[in-house]
Amino acid sequence: MKKEISKIYNPKGVEKRWYDFWMDNGFFHADPKSSKEFYTIVIPPPNVTAELHIGHALNSTIQDIFIRYKKMRGYETLWMPGMDHAGIATQNVVERQLAKEGLDRHDLGREKFVERVWEWKEEKGGKIIQQLKTLGLACDWDREAFTMDEQRSKAVNEVFVSLHERGYIYRAKYIINWCPRCGTALSDEEAEHKDIKGHLWHIKYPIEDSAEFVTVATTRPETMLGDSAIAVNPDDERYKNLIGKWVILPLLNRKLKVITDSFVDPDFGTGAVKVTPAHDPNDFEMGERHGLEQINILNEDGTLNENAGKYSGLDRFEAREQILKDLEADRLLVKTEEHDHSVAHCYRCNTIIEPYLSEQWFVKIGPLAEKALDAVKSGKIKLHPKKWVKTYNHWMENIRDWCISRQLWWGHRIPAYYCQECGEISVAREEPEKCPHCSGALKQDPDVLDTWFSSWLWPFSTLGWPDKTAELKSFYPTNTLVTGNEILFFWVARMIMSGLEFMEDVPFSDVYLHGIVRDEQGRKMSKSLGNGIDPLKMADLYSADAVRYTLLSLAPEGQDIRIGEKDFEIGRNFTNKIWNAYRFISSNHDDSELPEINYEQLELADEWIISRYNAAIASISDDIENFRVSSALDNAYKFFWKEYCDWYLELIKERLYSGDPERVKTALSVAVHVFKGTMQLLHPFVPFITEEVYTALSGEKSIMLSSMPTASEKLVNKAAEEKMSLIQELSSAVRAIRSQMSVPPSVKANLLLKSDSEANLRIIEDNRSYIENLCKLDSIEFNGKSERPKLAATDVVKNMEVILPLEGLIDVDLEIKRLNKDLGSVENALKAVKNKLTNESFMKNAPPDIVEKERQKEHDFSEKVSKIKTNLNWLTDAS
RNA sequence: GGGCGCAUAGCUCAGCUGGUUUAGAGCACCGCCCUUACAAGGCGGGGGUCACUGGUUCGAAUCCAGUUGCGCCUACCA
């Protein structure tokens, strides 16, 4: 009874049906009370504003592979999903929305604005969660967390207060990164440095009571308005006479003292530097050392303030132009040099950041970093690939205090309260009613915390901390963290710090860092370039399985990935191959139950595929356990497509069509057994189609409930593999001859084999039907008496002469050419081997087994050479 | 300035601790084939002085050093 199965795999409907099924049955839900061993991953929370891009697809597919694999290996697996509130990004979105209505957030007021953001979040936010589901991810959605939800907010609050109590949080007036467009401070990590082709302007400052000038060089001439000194290196002879003198700041005509500071590099610019303590981190420190005035010339929006004289009100870059013009007019601009330097940009809006003096909250990071450094050094946490360890160490050793306050409304409000009477600051878990010092009225700090201040708690906040939950007990520490390498500092390093500080244990034991997905030209995918590939579109076109497969098969271990839309055909073709293998097996087996494999009745092909199958189980498992996911997939591909489909399924056709029920049964039992297991091995990579065909074939409820096959040493059969490789080589040789001599499949041929090796001939004789079927042969003759035909195409396989009498069919010149080519390469190989064997030092130093191998090679190659030569002679004689 | 990575077929990449490979795969290309799972396929074929230069070694695509090119990260480059 044949079943009707579509010739081409149609994933439409299949994927959604199975995802619903998995969800309805709670297969993704993890039980903290389970007696199984736990395996946990926390998702890198995407922004609530995010839409799925190809990087998310790669990142989450890798996690899904680990989760599904471990589940089938018997673990209680938890994949903890959620999102972060993305303070700046989300506020931006809602502000843009307001702008369309002609409003800004101040029109609404803080409370209304935050309400509005929540509304936005409920209606439009979190689109990505739905999108992630189409990829088939086995996340425990019942536990979905959000950094702004109640439990996570509780954790943030607790951590802030507790760090404050430990003396790790302080408030200070310091130079920070200020984004004038977002109107907030940023951490060092949030400032992206980009190389800019800028200028170095040389400006003359007149020396007081003199006709002389001192020339300084700057990349930001507008900051001169905030200058409070000129500095030179104390050892710089050129400026010795200037020290202590006064110069006149052009345009504003303020007096500036000439000071010395060893920070100044005499070789850079002119060796004299203008000092602007309020707008440059170095100058700030120099200012501290010399007690210089800090003159702030900027408003928060990047325009110049009243300290800028006639420039006040201008935008910083307009002011720069105007100042340059004015200096030029005063003949004070002496030189304009091209100058490449790196400039900090806001990672959210790409605006150029200003170093800005302001009062902010900081985390004293040193003590936390120290422990986090140890965790990686000691191997408690392993980074994959491990090349990142050096980068991690370097960053950790040079880390600076973390600016955590943000001048935003969307986020966790800082639990610090200022007394309106005595000015004392109280930091508290619960808002105090009145000042604990003087009972005065309190006002909460208006700022919110950096979004990363909530996501660094993710591995335990999502499990219910600070409450003592069953989840924390079972699932912490988590096992594997999978994330893009660009986020190592932002997030990974900080999670390690917080985990060690608050859980007194690392948050995870292994970190898998993958690369960035780029376009075919190696460019980062971005909205502005319009070169992004929409994974949902690809999933729609080719299936989610295809997207997953393609991404993984193209992902080099830890390197960036280049990908184009057409590449997704790779995945589609693969799923189609699975489908058709299923179709083949299925159409050959009636609905009766399949017998267990009878190991007594196996043919060579069966023994061989079972052996290869067990090797595949071992290598794929080993790859996954050791974070080589692409390699695992590659091995699965090779086994399934090259060995199982190309060879094994071809080899069993004869039996399947033989009509002998016993032979059919044996072949089918092995074919199904191996196919099912292969589907299990592939399930973590392509979950949908494997579920579809596995359940269809087995009648089981779900592949997710099945156990991943384990490799059995006993079933690895080297002898069978040897034999098969002879069959394979011989078949390939015959097929090559046929193809190259253009012998159509309809023309059956006879094959003559001549060999000294009875054993080899016996192997072929025992399995002659394989060769006959694969090579479309009528007969095979072994060391036969029949005359060697004059016109024949020939080859040599394992010292066995392969003769295909093809009188009238072969092109003699072509065959001569073919043999000569072959001869050439074998002769080269022989020469190389001979060189080795005549090399005394090789003979003296190389291990005996290697020498033996080379001897064997020499023997084989020279045999082959002489046989090819003989064959060539036959041909030339005949023609 | 410091660090890291990459450089193998036209393209994307394998090739782990040096010797069973006469350097592989996929895509692209060429030829034959709609052979009763699959043309989204099968079979066969062409194509590489493994970036360059030295070194270690009996032996190097593989290890070491340097050079060049590209990429990334990092930095208090006025």
Side-chain angles (χ1 to χ4, degrees), chain A residues 5 7-9 175 193 200 216-220 223 231 263-265 268-270 272-276 280-286 339-342 355 385 387-388 390-391 394-395 398 485-486 488-489 515-516 520 522 542 553-564 566-567 569-570 572-588 628 630-631 634 637-638 642 645-646 649-650 653 657 732 735-740 742-746 774 776 825-830 832-833 836 839-847 849-851 853-854 856-857 861:
Chain A
I5 301 171
K7 204 167 162 177
I8 283 171
Y9 174 54
I175 290 264
H193 290 268
L200 196 57
V216 299
T218 180
T219 53
R220 293 185 297 152
T223 61
F263 168 78
V264 180
D265 175 4
F268 190 91
T270 63
V273 63
K274 58 192 268 320
V275 185
T276 321
D280 183 279
N282 297 317
D283 293 6
F284 173 80
E285 283 173 19
M286 235 190 288
H339 180 66
D340 297 347
H341 59 144
S342 92
K387 67 174 180 187
W388 290 104
K390 263 195 169 174
T391 314
H394 180 260
W395 189 74
N398 294 282
N485 53 232
E486 79 276 9
L488 180 61
F489 304 139
I516 295 168
E520 287 154 303
Y542 298 123
S553 68
L554 254 40
E557 239 57 75
Q559 299 279 111
D560 287 357
I561 300 160
R562 290 186 182 211
I563 204 167
K566 195 176 179 297
D567 289 325
E569 288 179 10
I570 298 171
R572 177 200 57 183
N573 294 353
F574 185 74
T575 52
N576 195 233
K577 190 72 178 179
I578 291 180
W579 184 252
N580 274 290
Y582 158 69
R583 187 166 161 250
F584 173 68
I585 292 170
S586 180
S587 66
N588 278 293
R628 297 185 300 258
S630 297
S631 170
D634 189 44
Y637 160 81
K638 281 183 191 147
K642 299 284 121 183
C645 290
D646 286 353
L649 292 186
E650 291 305 320
K653 280 182 178 172
Y657 303 147
S732 296
R735 292 201 289 212
I737 290 171
R738 293 190 62 123
S739 174
Q740 285 169 60
S742 302
V743 182
S746 52
L774 293 174
K776 310 273 185 259
S825 71
V826 183
E827 276 178 336
N828 278 341
L830 179 60
V833 173
K836 277 192 186 178
N839 181 339
E840 271 180 47
S841 7
F842 173 78
M843 298 303 286
K844 210 167 69 192
N845 294 306
D849 58 316
I850 296 294
V851 175
K853 268 174 198 161
E854 293 299 321
Q856 186 62 44
K857 273 201 224 165
F861 289 153

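For clarity, every value in this text was computed on a predicted model and none was experimentally measured. Numbered from 1 within each chain, the chains take letters A, B, ... in sequence-line order.
The nucleotide whose nearest atom lies closest to any side-chain atom of K776(A) is, among U74(B), A40(B), U35(B), U35(B). Candidate nucleotides U22(B), G19(B), A39(B) were compared by shortest atom distance to the side chain of K7(A), and A39(B) ranks first. Distance from the side chain of K387(A) is smallest to C4(B) among U36(B), U22(B), C4(B). Here the nucleotide nearest the side chain of F584(A), chosen from A37(B), A75(B), A78(B), is A37(B). Nearest to the side-chain atoms of K390(A) among the listed nucleotides A75(B), C4(B), U22(B) stands C4(B). Looking at the side chain of A829(A), the nearest of the listed nucleotides U22(B), C38(B), G44(B) is U22(B). Between A75(B), A37(B), G44(B), one nucleotide has an atom nearer to the side chain of S342(A) than all others, and that is A75(B). Checking A78(B), U22(B), U74(B) against the side-chain heavy atoms of V826(A) singles out U22(B) as nearest. Of the candidate nucleotides U74(B), C77(B), G45(B), G45(B) has the atom nearest to the side chain of A736(A). Among the nucleotides U22(B), A78(B), U20(B), the one closest to the side chain of K853(A) is U20(B).
Comparing U74(B) with C29(B), their C1' atoms sit 44 Å apart, to the nearest whole Å. On the C1' atoms, U68(B) is 15 Å away from G54(B), given to the nearest whole Å. To the nearest whole angstrom, the two P atoms, one in U67(B) and one in G5(B), are 16 Å apart. For the C1' atoms, the distance from U8(B) to C52(B) is 14 Å, rounded to whole Å. A gap of 15 Å separates the C1' atoms of G26(B) and G41(B), to the nearest Å. Atom P of C32(B) sits at a distance of 34 Å from the matching atom of C50(B), rounded to the whole Å. As rounded to the nearest Å, A37(B) and A28(B) have P atoms that lie 24 Å from one another. Between the P atoms of G15(B) and U21(B), the separation comes to 16 Å (whole Å).
Residue E650(A) is classed as a base contact, given a heavy-atom separation below 4.0 Å to a base. Among the atoms of the strands shown, none is found under 4.0 Å from any heavy atom of D283(A). Across all strands shown, R583(A) has heavy atoms under 4.0 Å from sugar-phosphate atoms exclusively, and none from any base. V264(A) comes within 4.0 angstrom of a base, heavy atoms only. The residue S825(A) sits close to a base: some heavy atom pair falls under 4.0 Å. If you check every strand for non-hydrogen atoms under 4.0 Å, P744(A) touches nothing.
Between I5(A) and W579(A), some side-chain heavy-atom pair lies under the 4.5 Å cut-off. Side-chain atoms of H394(A) and T391(A), non-hydrogen and from C-beta on, never get closer than 4.5 Å to each other. Annotation: side chain of K653(A) is in contact with side chain of F584(A) (closest heavy-atom distance under 4.5 Å). You'll find the side chain of D283(A) reaches within 4.5 Å of the side chain of V275(A), heavy atoms only. Looking only at side-chain heavy atoms (C-beta outward), T223(A) and D280(A) stay at 4.5 Å or farther from each other.
Note on K653(A): a side-chain N or O is less than 4.0 Å away from OP1 or OP2 of A37(B). For A40(B), neither phosphate oxygen OP1 nor OP2 lies less than 4.0 angstrom from any side-chain nitrogen or oxygen of N576(A). At the phosphate of U20(B), OP1 or OP2 sits under 4.0 Å from a side-chain N or O atom of K857(A). Residue K577(A) places at least one side-chain N or O closer than 4.0 Å to OP1 or OP2 of G42(B). Considering only side-chain N and O atoms, S732(A) lies under 4.0 angstrom from the phosphate OP1 or OP2 of G44(B).
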- Where does RNA chain B pair, written as one dot-bracket string 5' to 3', with Watson-Crick or G-U pairs under 3.5 Å, ( ) inside the strand, [ ] for crossing pairs and | for another strand? (((((((..((((.....[....)))).(((((.......))))).....(((((..]....))))))))))))....
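For the pair L649(A) CG and C43(B) C1', the computed distance is 16 Å after rounding to whole Å. For I516(A) and C6(B), the CD1 to P distance is 16 Å, given to the nearest whole Å. N839(A) has its CG atom 14 Å from the P atom of U57(B), to the nearest Å. In this structure, NZ of K844(A) is placed 19 Å from C1' of G19(B), rounded to the nearest angstrom. Taking atom CE of residue M286(A) and atom C1' of nucleotide A78(B), one finds them 8 Å apart after rounding to whole Å. Atom CG in D646(A) sits roughly 6 Å away from atom P in G42(B) (whole-Å rounding).
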- Are Y637(A) and K642(A) close enough, and set up right, to give a side-chain contact (heavy atoms from CB on, under 4.5 Å), and what steps lead you there? CA-CA 8 Å; Y637(A) 160 81; K642(A) 299 284 121 183; 3.8 Å; yes
- Check step by step if side-chain contact (heavy atoms from CB on, under 4.5 Å) holds for F842(A) and E854(A). CA-CA 11 Å; F842(A) 173 78; E854(A) 293 299 321; 3.8 Å; yes
- Message: Please determine whether side-chain contact (heavy atoms from CB on, under 4.5 Å) holds for the pair V216(A) and V273(A), giving the CA-CA distance in whole Å, both sets of side-chain angles, and the decisive distance to 0.1 Å.
- Response: CA-CA 5 Å; V216(A) 299; V273(A) 63; 5.9 Å; no
Would you tabulate the nitrogen or oxygen pairs shorter than 3.5 Å linking the protein to nucleotides 10-16 of chain B?
from: U12(B); atom 1: OP1; to: R562(A); atom 2: NH1; distance (Å): 3.3

Between the protein and nucleotides 26-29 of chain B, which nitrogen or oxygen pairs are less than 3.5 angstrom apart?
from: G26(B); atom 1: OP1; to: K642(A); atom 2: NZ; distance (Å): 3.3

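The two residues A217(A) and L200(A) make their nearest non-hydrogen contact at CB-CG, 3.8 Å. Scanning both residues, I561(A) and L554(A), for their nearest heavy atoms gives CG2-O, 3.9 Å. Here the closest non-hydrogen pair linking P744(A) and R738(A) is O-NH2, 2.9 Å.
Comparing R220(A) and I8(A) by the nucleotide of RNA chain B whose heavy atom lies nearest to each, the residue mapping closer to the 5' end is I8(A). Between T575(A) and A272(A), the residue whose closest nucleotide on RNA chain B is further toward the 5' end is T575(A).
Under 3.5 Å, the side chain of S841(A) and the base of G59(B) form no donor-acceptor pair of N or O atoms.
Evaluation of the side chain to side chain contact (heavy atoms under 4.5 Å, CB included) rule for S342(A) yields H193(A), D195(A) as partners, not counting sequence neighbours. Applying the side chain to side chain contact (heavy atoms under 4.5 Å, CB included) rule to S631(A) yields the partners E557(A), D623(A), R628(A), N635(A); only residues at least two apart in sequence or on another chain are considered. Partners of K844(A) according to the salt bridge (Lys or Arg N to Asp or Glu O under 4.0 Å) rule, which considers only residues two or more places apart in sequence or in another chain, do not exist here.
The aromatic rings of F489(A) and W395(A) lie parallel to each other, with less than 30° between the two planes, well short of the 60° mark.
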